[in-house]
Amino acid sequence: MTEDAAQPSQLLSQPLTLPCGAVVQNRIVKSAMSEGLADADGHVTPQLTTLYARWGAGGAGMLITGNVMVDRAHREGAGNIVIDGPQDDAAMAALHDLAAAGRSHGALMLMQLNHAGRQVPRILNPAPKSASDVGLDMGKRFAKPSPMTGDEVEDVIARFVAAARIAQQAGFDGVQVHAAHGYLVSQFLSPLTNRRSDQWGGSLADRARLLLELIRRTRTACGTRFIVGVKLNATDFQRGGFSEDDSVQVAAWLEGAGADFIEVSGGNYEQPRMMNIDRLDPSATRLDSARAREAYFMDFAPRLRRATALPIMVTGGFRSATGMARARVDGVDLIGMARPLVLTPEAPAGLLAGTLDRMESRDGRLSLGPGWLGPNSPLALLRDLNAAGTMAWYQQQIARLSDGQDPDTALPVWRALRAFAKTEKTAAARII
């Protein structure tokens, strides 16, 4: 039977052998979401283990954790796991329990490694580091960064590699380097945020040097049987920033550097297209073809496929088995899902069995006010609050899963936003 004639469940059930030799048992991947459940020292908690046991039992072929930060001074959020040095016996045991929970039903378990750079909240770090001294255009929530020295860049590389080795020792099947969404590696890739004139800036090859060195050195340190994935922006959606042409070239270089797969995403904190911002702002529409195919970044996938033989993973927007099957036929190797697996953790099993046709989504119904507001609206703040409220709502659902409960779909957005803000403030106070 050809792929065109195959049923969605058949296309999704096919195993995939990655370049390193690891076999993903099916094509569904739980993509990274920031859980915010680590303790004040950045260590794994029993809640995280419970959460990944639930997702591991759901049937996905691979699970990718949320941000694990390689520098506690540059966290994405107060509740991130942090690995920025040797782990004591208790911390290693907790990491091992987390890996084992995710792998307990046959899924591969990957740790996402990240460094926030200039996107660390000011409350956590008023003196961040980045590629250059370009601040975020987002008010006072984030401080202006100072440029890293050459030695500091080398230190960051060493931190990523060391964290990958610890992940391997704890039983994880691999890591994913976060090079998207405007975090540090993405800051080096973009000419808007990387204005360096040394070997780490200037041409695309030099701006990509940090990422490529991370991959090469991680591969060398962890060996050939360890998965090394990359989350890469298709584009930053900013004039003069990291472009689709840049992304295609970097993808080709990643294949030579030893990467195992590329997850396609896009945007950053200033242009958060990875969060489906077009529902909040009609000036940020995506192509009708992408809407019809569900996935936000599906239109970029064919360009990437022509540039590299690496497996391609597309995340964001998938809701129906038919849409996922269409993506597979069009050359997407792995189907990434995040928020749908918060509401229905067992969805992969249903998709693979052919008993689930469409997953529940609440994104379009989570609002503190109008569903969208124009960019020049005096109420534009409400647009941003709607986006924050949606994120907070899902994080509260993740917290419920981590406590062994089911999601509470009746939770009001305002209550979720208030609870999340309180949790973040409390967590921040513990670590500063």
Side-chain angles (χ1 to χ4, degrees), residues 41-42 67-76 80-87 91 111-122 124-136 142-169 175-222 228 230-233 241-242 246 250 253-254 256-259 268 431-432:
D41 291 322
N67 294 300
V68 174
M69 312 310 292
V70 301
D71 185 342
R72 67 184 58 248
H74 289 82
R75 310 187 202 202
E76 167 268 341
N80 293 147
I81 300 172
V82 179
I83 298 178
D84 62 353
Q87 305 291 289
M111 178 186 289
Q112 185 186 76
L113 300 179
N114 196 9
H115 183 298
R118 69 174 189 161
Q119 289 186 173
V120 55
R122 183 190 294 267
L124 299 180
N125 186 350
K129 296 281 188 173
S130 182
S132 301
D133 61 351
V134 181
L136 279 162
F142 301 93
K144 184 176 181 179
S146 57
M148 287 181 167
T149 65
D151 287 344
E152 287 172 330
V153 176
E154 288 287 350
D155 178 68
V156 162
I157 295 173
R159 286 171 178 271
F160 272 89
V161 175
R165 285 287 292 128
I166 289 172
Q168 185 178 40
Q169 293 162 7
V175 295
Q176 182 190 59
V177 173
H178 201 330
H181 300 174
Y183 295 113
L184 181 70
V185 180
S186 181
Q187 290 160 32
F188 271 82
L189 288 171
S190 172
L192 290 179
T193 47
N194 185 344
R195 299 178 182 176
R196 304 176 70 96
S197 57
D198 61 3
Q199 64 175 327
W200 307 104
S203 68
L204 178 61
D206 287 334
R207 286 184 278 116
R209 189 183 304 276
L210 172 62
L211 171 59
L212 297 176
E213 283 298 308
L214 287 176
I215 302 306
R216 292 190 189 103
R217 297 187 200 182
T218 300
R219 173 60 66 208
T220 299
C222 296
V228 183
V230 177
K231 190 163 193 167
L232 184 70
N233 272 0
F242 188 71
D246 293 339
V250 171
W253 289 336
L254 284 169
N268 53 39
I431 66 175
I432 57 178

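FYI, side chains are in, hydrogens and waters are out, and symmetry mates aren't considered; it's all heavy atoms of this structure. Model, not experiment: these values are computed from the prediction.
Between the side chain of R219 and the main chain of R216, no donor-acceptor pair closer than 3.5 Å is present. Judged by distance alone, with hydrogens and angles left aside, the side-chain atoms of R159 form a donor-acceptor pair with the main-chain N or O of V70 at under 3.5 Å. Remark: the backbone N or O of W200 is not paired with any side-chain donor or acceptor of R209 at under 3.5 angstrom. Formation of a donor-acceptor pair under 3.5 Å by the D84 side chain with backbone atoms of R72 is found in this model. Proximity of a side-chain donor or acceptor of S190 to a complementary backbone N or O of S186 within less than 3.5 Å is not detected. For D246 (side chain) and F242 (main-chain N/O), no donor-acceptor pair under 3.5 Å exists by modelled atom type. A distance-only check finds no donor-acceptor pair linking the side chain of S132 to the backbone of V134 [under 3.5 Å]. Looking only at distances, no side-chain donor or acceptor of Q87 sits under 3.5 Å from a matching main-chain atom of I166. Using modelled atom types, one side-chain atom of Q119 and one backbone atom of H181 make a donor-acceptor pair closer than 3.5 Å. Without hydrogens or angle criteria, R196 side chain to R207 main chain gives no donor-acceptor distance under 3.5 Å.
Proximity of Q112 to N67: side-chain heavy atoms (C-beta onward) are separated by under 4.5 Å at one or more points. Counting only heavy atoms from C-beta outward, the side chains of Y183 and E76 approach each other to under 4.5 Å. Contact annotation: the side chain of V185 never approaches that of V156 to less than 4.5 Å [non-hydrogen atoms, C-beta and beyond]. At a threshold of 4.5 Å between non-hydrogen side-chain atoms, the residues V68 and V82 do not count as touching. Within the 4.5 Å cutoff, the side chain of Q187 has heavy atoms near those of the L184 side chain. Using a 4.5 Å heavy-atom threshold, the side chains of M148 and F188 count as touching. Contact of the D198 side chain with the V153 side chain is not registered, since no non-hydrogen atoms from C-beta on lie closer than 4.5 Å. Inter-residue side-chain proximity for F160 and H115 is flagged as met; some heavy-atom pair is nearer than 4.5 Å.
The NZ atom of K144 sits 11.5 Å away from atom OG of S130, with the distance rounded to the nearest 0.5 Å.
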Check against side chain to side chain contact (heavy atoms under 4.5 Å, CB included), L232 and L189
CA-CA 10 Å; L232 184 70; L189 288 171; 3.9 Å; yes
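Take R122 and apply the salt bridge (Lys or Arg N to Asp or Glu O under 4.0 Å) test, not counting sequence neighbours, and it matches no residue.
Across A208 and V250, no two heavy atoms sit closer than the pair CB-CG2, 4.2 Å.
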